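What follows is one structure encoded as structure tokens, with my remarks underneath.
Predicted model only: the values in this text are computed from it and were never measured.
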Amino acid sequence: MTPSRSSQPGAQISLVQWAEELEGERIRIERTNEARSARRGYLVFATDPGRAPDEPGYRDVYATEARTPGEAAAKVKPLAQGRRLRTYLATGTYKDELADARWVA
């Protein structure tokens with residue numbers, strides 16, 4: 001961020017005003033990052049240990065928003081009882097799976 005200048009060319013900058021602008025920008029960035037982390041998207045893979053990997057129904061994919069991977073798995077757990085859960089960020093390696101995932105609020 002560049003220091004603020006008055007409307008007159010060659011005028012001296014106000015360091016106090018500049019410091020206040022920097023502080024305001026820091027607070028805005030902090031709030032934006034908090035909001036982003038609060039709504040992070042996750043994919044949760046639920047696999048059935050009783051089925052072979054090539055059998056239909058072996059793997060179900062769920063999508064949800066949560067603060068942490070653990071919170072995402074906790075949202076899916078009641079829907080996938082008896083299955084193993086693996087959680088990944090929706091923007092990561094398995095992002096192609098998002099299109100076919102079942103949404104969990």
Side-chain ion pair, Glu25 and Arg28, N-O less than 4.0 Å: yes
Which atom of Leu89 lies closest to which atom of Tyr42, heavy atoms considered: CD2-CE2, 3.5 Å
Side chain to side chain contact (heavy atoms under 4.5 Å, CB included) between Lys77 and Leu85, worked out: CA-CA 8 Å; Lys77 194 172 185 174; Leu85 302 178; 4.2 Å; yes
Any donor-acceptor pair under 3.5 Å from Arg40 side chain to Thr68 backbone: no
Closest non-hydrogen atom pair, Pro49 against Gly82: CD-O, 3.5 Å
Donor-acceptor contact present, side-chain Glu97 to main-chain Tyr94, <3.5 Å: no
Step-by-step side chain to side chain contact (heavy atoms under 4.5 Å, CB included) determination, Leu79 to Arg102: CA-CA 11 Å; Leu79 302 172; Arg102 180 177 163 193; 3.9 Å; yes
Gap between atom OG of Ser14 and atom CD of Glu21 - 0.5 Å precision: 8.5 Å
Thr87 side, atom OG1; Leu43 side, atom CG - distance, nearest 0.5 Å: 9.0 Å
Nearest-0.5 Å distance, CZ of residue Arg59 to CZ of residue Arg84: 15.0 Å
Close side-chain approach of Thr47 to Arg83, heavy-atom, < 4.5 Å: no
Arg26 vs Leu22 side-chain heavy atoms within contact, under 4.5 Å: no
Side-chain heavy-atom pair Val61, Asp100 within 4.5 angstrom cut-off: no
Taking every non-hydrogen atom, the tightest pair across Ala66 and Ala72: CB-N, 3.6 Å
Side chain to side chain, Arg86 and Val44, heavy atoms closer than 4.5 Å: no
Heavy-atom closest pair, residues Tyr62 and Ala46: CE1-CB, 3.9 Å
